Amino acid sequence: MLKSTNPTSLLLRIPKLASSVFAGPPSEKTGTASPSKESSSRMSTESISASTDTSSSIPPPTTQPLLFPTHRKKNPSHQYHRQHHAEGAPRKHTPRMMAFPLGYKEAAHQWWTSLSSRQAEQNVLSFIPHVREATGPSVGTRLLDLANTDPFGQRVWRSSMVQLSGKNRALNEFSVEREGEDVDNTLVMLHGYGAGLGFFYKNFEPLTRLPGWKLYALDMLGMGNSSRPPFKVHAKTQKEKIAEAESWFIDALEEWRKIRKLEKFTLMGHSMGGYLAVSYALKYPGHLNKLILVSPVGIPEDPWAVNADMPEPETSTMAAEFTQDQESIVHQTPAGQNAEYVNAKASDKKSVASQPNTSTTPPKRPLPGWLVWLWDANVSPFSIVRFAGPLGPRFVSGWTARRFNHLPSPEKQALHDYSYALFRQRGSGEYALPYLLAPGAYARSPVINRIQDVGRQVISPKTETTPEVKEHGFPIVFMYGENDWMDVAGGYAAEEKIKKRIEKELLEEGGAEKENGSVKVVVVRKAGHHLYVDNPEEFNEVVRRELKETMMVNQRRRN
């Protein structure tokens, strides 16, 4: 049962809790989680090699406080160690970054004069190259300018609030469309927990280079810049609570689909967005061409998380989300079991992946006490930011300085402003987290127990005059970062379950003419949990390839 918390007592704990949430224990070791020895040995994957551009930083705008130091690439000694590290020499340990880079005075100034969440989103979107906003009386002039400057055609983006039924229910929508072309295919993108569509800013332009595609990115209900109605769960049993919490988000997505009159589309979700994408596919069948799950949360089964009557497991590396230094992730030598899978021999991958997943004991790793306390009290990290008032921007800087320290300074500053603008808003969808996940990011209704049914649902039942119509599968793609704290073993286990379901369907149906299902696991190098921004070049290349494949399949079906 979830407990409530007293804001007054919370305020007294803010300095200690915030230090833990955004800085993490100094001695904590980050890495990738491993649900079990057997499941973590599953080895069937596909990887793409690409280099990451680490351009030098530009000084941040003078209108905002200086949050991030000058990029170390300009330091000759740093360049020397990077070169020797590439040749096999061990990397020297770099000094630990300050827990909260933003000073008290600068934090109070940002709190008092902070940008609106809309303006902060616009600032992030301004880094998108080539694509222009299609607003105002000068649209014709903009399109003419686009024809001369955009190497991939005339593309414009639009931002709008899509009103849903009921009180205070609307989704913030960002779309990119290719002018003068028929829309044959649609990609819909969902962000992770507490985030927003602006974090995909490095993907919008590359993913819309293909002709005939239209892209939508949505802020989930109660998050980002979407409306924030009160979140309430009225169900009594745990199963019903999980279903109600999932439906709170995916019912809004389905209503949006109907408003936009999309019959079929490709759905991509990151982290919590990936978990909810699976839930959507199961509840609303018949509308997906392909499902792309980017470091999805909640795949492995954990016996404590599933059974509410048992104690919560003190195991996870979710704290790595708040403590990992992203520059080290992007530039370091591959580490952890995700990297081991990439380099494994094909024969080993096939042999180990074919073993059944029979593990019932999760790994034992210390779970920080602050995380258990927050989870049990249903207090999100964003609550701390709101209660902290003028100290809120300083606490957020502890996360953004690590999360975006591999990016140029103007982008880092814009993402910090955007993050704080979202985190400080009224709590809403964030309160669904403890109903869906137990402490440590283990799902209360694990995806591994449902993934084989995705794409196999009945669309319309049999009647006296019409036969039953059901899905015959569709492609599912799992994507992970090489240094992801989300363990890729869950993706491999899910891959095996889907393959077995395909084999079963082929035997029962008696032929392959109806079968459309397939599955693959892709590991992106030099990337962590947020692979879409850690190594956008490789990430975008992989997704574009999947979109091309979907486009060709749809063309064959139409012909």
Side-chain angles (χ1 to χ4, degrees), residues 50 52-71 73 110 114-135 142 145-146 149-160 172-178 187 189 191-192 195-209 215-219 224-225 270 294 326-327 330 396-397 399-423 527 530-541 543-544:
T52 305
D53 178 23
T54 55
S55 57
S56 299
S57 300
I58 303 172
T62 56
T63 56
Q64 293 292 337
L66 180 61
L67 174 62
F68 301 94
T70 304
H71 199 287
K73 185 177 179 181
Q110 183 177 3
S114 61
L115 300 172
S116 69
S117 59
R118 285 288 172 188
Q119 184 59 54
E121 179 184 276
Q122 290 279 330
N123 289 350
V124 173
L125 297 179
S126 68
F127 290 101
I128 303 174
H130 305 308
V131 188
R132 305 289 182 87
E133 185 177 8
T135 57
R142 288 173 180 262
D145 184 41
L146 279 173
T149 61
D150 191 340
F152 301 99
Q154 299 180 6
R155 293 174 293 172
V156 294
W157 66 266
R158 296 176 173 85
S159 182
S160 60
N172 183 39
E173 172 196 278
F174 173 87
S175 64
V176 179
E177 187 172 1
R178 300 178 61 86
L187 172 65
M189 304 173 69
H191 59 78
L197 60 85
F199 291 113
F200 291 122
Y201 76 105
K202 284 186 174 292
N203 316 117
F204 294 141
E205 188 277 323
L207 297 184
T208 55
R209 294 176 184 177
L215 179 150
Y216 288 100
L218 301 175
D219 281 342
N225 277 325
H270 170 251
V294 182
Q326 206 61 24
E327 187 172 42
V330 171
V396 173
S397 74
W399 177 73
T400 57
R402 291 169 176 77
R403 176 86 283 286
F404 306 118
N405 64 356
H406 64 297
L407 298 173
S409 291
E411 296 181 36
K412 288 184 284 191
Q413 187 67 55
L415 289 169
H416 167 77
D417 296 338
Y418 178 58
S419 299
Y420 175 63
L422 297 185
F423 296 170
H530 300 265
L531 52 160
Y532 54 92
V533 71
D534 295 341
N535 189 348
E537 292 83 4
E538 184 172 332
F539 175 85
N540 294 331
E541 179 184 344
V543 176
R544 274 201 308 268

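From a predicted model like this one, the values you see are computed outputs, not experimental measurements.
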Roughly how far, to the nearest 0.5 Å, is the [atom2] atom of [Y] from the [atom1] atom of [X]?
X      : Y      : atom1 : atom2 : value
Phe404 : Tyr418 : CZ    : OH    : 10.0 Å
Lys412 : Arg403 : NZ    : CZ    : 12.5 Å
Ser117 : Leu422 : OG    : CG    : 6.5 Å

Would you say the side chains of [X] and [Y] form a donor-acceptor pair under 3.5 Å?
X      : Y      : result
Asp150 : Gln154 : no
Asp219 : Asn225 : no
Arg118 : Asn172 : yes
Thr208 : Arg155 : yes

Is there side-chain contact between [X] and [Y], with heavy atoms separated by less than 4.5 Å?
X      : Y      : value
Arg402 : Thr400 : no
Glu121 : Ser159 : yes
Glu133 : Val156 : no
Lys202 : Leu407 : yes
Leu415 : Val124 : yes
Tyr216 : Glu173 : yes
Phe199 : Ser419 : yes

Going through the distances and angles, do Leu218 and Leu197 end up as a side chain to side chain contact (heavy atoms under 4.5 Å, CB included)?
CA-CA 6 Å; Leu218 301 175; Leu197 60 85; 5.8 Å; no
Give the minimum heavy-atom separation between Asn203 and Asn540, together with the two atoms involved.
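Heavy-atom minimum between the residues: ND2-OD1, 2.9 Å.
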For a quick test of reading the model, state the closest non-hydrogen atom pair linking Val131 to Glu205 and the distance between them.
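Minimum heavy-atom contact is CG2-CG, 4.0 Å.
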Basic-acidic side-chain contact under 4.0 Å: Glu177, Arg158
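Salt bridge flag = yes for Arg158 with Glu177.
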Verify whether the ring centers belonging to Phe174 and Phe200 lie closer than 6.0 Å.
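No, the ring of Phe174 stays outside the 6.0 Å limit from the ring of Phe200, centre to centre.
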Centre-to-centre under 6.0 Å for Tyr532 and His270, is that the case here?
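Distance test on ring centres: under 6.0 Å, yes.
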Within the side chain of Arg209, is there an N or O that forms a donor-acceptor pair under 3.5 Å with the backbone of Gly153?
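Absent.
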Exam field: side chain Arg132 to backbone Trp157, donor-acceptor pair closer than 3.5 Å:
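No, Arg132 side chain to Trp157 backbone: no donor-acceptor pair under 3.5 Å.
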Could you tell me how the ring of Trp399 sits relative to the ring of Phe423: parallel (under 30°), tilted (30 to 60°) or perpendicular (over 60°)?
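Trp399 vs Phe423 ring planes: tilted.
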Apply side chain to side chain contact (heavy atoms under 4.5 Å, CB included) to residues His416 and Ser397 and explain how you reach the verdict.
CA-CA 7 Å; His416 167 77; Ser397 74; 3.9 Å; yes
Against Phe539, only a single residue in Asp534, Val533, Val294 fulfils side-chain contact (heavy atoms from CB on, under 4.5 Å); can you say which?
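The single option meeting the side-chain contact (heavy atoms from CB on, under 4.5 Å) with Phe539 is Val294.
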Stepwise side chain to side chain donor-acceptor pair (under 3.5 Å) test for Asp417 and Gln110:
CA-CA 9 Å; Asp417 296 338; Gln110 183 177 3; 3.1 Å; yes
